[in-house]
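The basis for the numbers below is simple: all heavy atoms, side chains too, and nothing from hydrogens, waters or symmetry mates. Sequence positions, counted from 1, serve as the residue numbers for this chain. Here the structure is a predicted model, which is why all the values come from computation and not from measurement. In each ligand, atom 1 is the first atom listed, and ligand 1 is the first ligand listed.
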Amino acid sequence: METIIISDTQNLQQAAQILQAGGLVASPTETVYGLCANALNEEAVKNIYKAKGRPSDNPLIVHIADLGMLQPLVTEISPIAETLMKHFWPGPMTLVFKANSLVPKVVTGGLDTVAVRFPSDPTITNLIKTSGLPLAAPSANTSGKPSPTNFARVYEDLNGKIDCIIEGGNSKYGVESTVIDTTGDIATILRPGGITFEMIEEVLGTVMMDPALGHKLKEGEVPKAPGMKYTHYAPNAEVIIVKGETSKVIAKINELTAMHRALGKKVGVMATDETLSYFIADTVLSVGTESDPTTIAAHLFEVLRQYDDAGMDLVYSLAFKTTGIGQAIMNRLEKSAGYHFIEA
Ligand code: TXA
Ligand code: MG
């Protein structure tokens, strides 16, 4: 298949027509790039799963560009949802509602709920408005790999497999939206993201984390967001997180690096601006500055992919603070490491 490339500064009419005809279009969003199809067209949505190699029980997020598009998709909007929508839409927040039967099962993964997001990025909102369609869109990467936060990575994974890619700049947040279940008495975070626990707590007073978050799932444990059970965000290199006091972590990583290099392994280190100069590995990259964790979120997935470009076998990463956006950063990093930690 030939993939058409359109710049985000061009007219999006052609991309909109592709969507109306049941095709697939990758678009920038403020979180990560998304792979879009008409959410109400079952065949089109099936092709998303094929292009990504994604398990079909993992439901998709439906993207809208005005509040009027929500009503037909859901059967109920709880007061919790109303409050969250008022404060955080448009933006990096996905809400789970009771689904209307209009939404195909292929979108909901067979659940009786549907996840909906109203993004703020002008390109995807323009695409939704020009096509007049709600768009189902997972991250525009091969399933399992780190999500794409720039055009080059979408092209690498999906060129030749989808109809069109819209080329824009780097994603602002770099981690996917916060997914929140609004169908119960208390809002529950199913996946941490750009809208943080603290921000939600401030407007709602109470918020819970899904108990399945923060650890490797046990035999038989079922997370409410089915996507959280799959291997995710993982480069080919094995990622290991080293925790502890900074000076000890640096010494430990350098000790392990020397040991593995002596065995012929190529070793990468994920450092920060503050620690970059202390490491001896083959590929030492800074993911951002500790003084501004939003920079770490913005670069995390791209930097993880760069260790594969450089052919690393192993990557040691620092652990990051888990407050604010740090919760989303550590959630993605833990998953990319398969929950492999070392204490320094
Ligand atoms: O920022 C984002 O959310 C990006 C951009 C493209 O919008 N999209 C994204 O989609 O991250 P995806 O498919 O990679 O992740 C969707 C997550 C999965 O963990 C999935 O299990 C969960 O949302 N999800 C979708 N529908 C759900 C539902 N009805 N109930 C619970 N979780 C749901
Ligand atoms: Mg994804």
Side-chain angles (χ1 to χ4, degrees), residues 24-37 39 45 48-49 51-65 73-74 88-100 103-121 123-125 127-128 134-149 153-154 157-158 166 168 171-184 188-195 210 212-213 217 222-234 297 301 328 331-332 335-336:
L24 302 185
V25 177
S27 169
T29 90
E30 72 275 26
T31 56
V32 300
Y33 276 66
L35 177 57
C36 309
V45 174
I48 290 182
Y49 290 93
K52 282 184 58 99
R54 175 179 173 118
S56 61
D57 71 332
N58 188 4
L60 302 176
I61 296 168
V62 180
H63 296 68
I64 60 173
L73 302 171
V74 306
F88 303 118
W89 270 1
M93 178 184 77
T94 296
L95 300 180
V96 174
F97 300 90
K98 289 274 177 219
N100 195 325
V103 184
K105 287 283 168 209
V106 59
V107 171
T108 62
L111 299 172
D112 60 2
T113 53
V114 60
V116 183
R117 176 157 105 85
F118 184 163
S120 61
D121 179 88
T123 304
I124 186 158
T125 46
L127 191 61
I128 296 167
L135 299 179
S139 47
N141 54 295
T142 300
S143 194
K145 282 227 234 169
S147 300
T149 52
R153 297 304 184 180
V154 179
D157 281 12
L158 297 178
I166 302 174
S171 308
K172 178 177 168 208
Y173 287 90
V175 289
E176 302 85 346
S177 63
T178 309
V179 179
I180 309 168
D181 183 5
T182 68
T183 63
T188 306
I189 298 177
L190 308 184
R191 178 179 73 180
I195 301 298
D210 186 46
L213 287 169
L217 290 180
V222 183
K224 275 205 176 162
M228 300 311 278
K229 74 173 175 279
Y230 295 106
T231 310
H232 253 119
Y233 319 120
F301 288 142
N331 170 268
R332 306 309 190 273
K335 287 176 138 295
S336 74

Between V74 and F97, the two heavy atoms sitting closest are CG1-CB, 3.4 Å
V45 versus P104: any side-chain heavy-atom pair under 4.5 Å? no
Under 4.0 Å from a heavy atom of L190: which atoms of ligand 1 are those, numbered in the order shown and with their elements? 31 (C)
Between D210 and K224, does any NZ, NE, NH1 or NH2 come within less than 4.0 Å of an OD or OE carboxylate oxygen? no
Is any side-chain heavy atom of L24 closer than 4.5 Å to one of I48? yes
Just to check, does P92 reach to within less than 4.0 Å of ligand 1 when the distance is taken from its heavy atoms? no
Walk me through whether D157 and Y33 qualify under side chain to side chain contact (heavy atoms under 4.5 Å, CB included). CA-CA 12 Å; D157 281 12; Y33 276 66; over 6 Å; no
Any nitrogen or oxygen of Y33 lying under 3.5 Å from a nitrogen or oxygen in ligand 1? Just yes or no. no
Can you tell if the side chain of S177 reaches within under 4.5 Å of the side chain of I61, non-hydrogen atoms only? yes
Examine T29 against ligand 1 and note whether any of their N/O atoms are separated by less than 3.5 Å. no
Tell me the nearest of T31, V32, V114 to atom 1 (O) of ligand 1, using heavy-atom distances. T31
Non-hydrogen side-chain atoms of P148 and S139 separated by less than 4.5 Å: yes
Go through ligand 1 atom by atom and flag the ones less than 4.0 Å from a non-hydrogen atom of S177. 1 (O), 2 (C), 3 (O)
A side-chain contact here means heavy atoms from C-beta on lying under 4.5 Å apart; do F118 and I128 qualify? no
For the student: nearest non-hydrogen atoms of L95 and T182, plus distance: CD2-CG2, 3.8 Å
May I ask you to test the H63-C36 pair for a side-chain heavy-atom distance under 4.5 Å? no
Residues at least two apart in sequence or cross-chain that pass side-chain contact (heavy atoms from CB on, under 4.5 Å) with D112, listed by chain then number, are K98
Would you mind listing which atoms of ligand 1 come within a distance below 4.0 Å of any non-hydrogen atom of A115? 25 (C), 26 (N), 27 (C), 29 (N)
Heavy atoms, side chains only, cut-off 4.5 Å: are T29 and R117 in contact? yes
Does the side chain of N141 come within less than 4.5 Å of R153's, by heavy atoms? no
Please list, in number order, the atoms of ligand 1 under 4.0 Å from a heavy atom of H63. 5 (C), 7 (O)
Distance criterion under 2.8 Å: protein N/O/S atoms around the Mg ion (ligand 2): 1
Could you tell me whether K224 approaches ligand 1 through its side chain, its backbone, both or neither, with non-hydrogen atoms closer than 4.0 Å? backbone
Which of the numbered atoms in ligand 1 are under 4.0 angstrom from any heavy atom belonging to A137? 6 (C), 8 (N), 10 (O)
May I ask you to identify, for M93, whether its side chain, its backbone, both or neither come under 4.0 Å of ligand 1 on a heavy-atom basis? neither
Atoms of ligand 1 under 4.0 Å from any heavy atom of L111, numbered from 1 in the order shown, are 28 (C), 29 (N), 30 (N)
Looking at non-hydrogen atoms alone, which of D181, T183, N58, T113 comes nearest to atom 30 (N) of ligand 1? T113
Mind checking whether T108 contacts ligand 1 via backbone (N, CA, C, O), side chain (CB onward), both or neither, at a 4.0 Å heavy-atom cut-off? neither
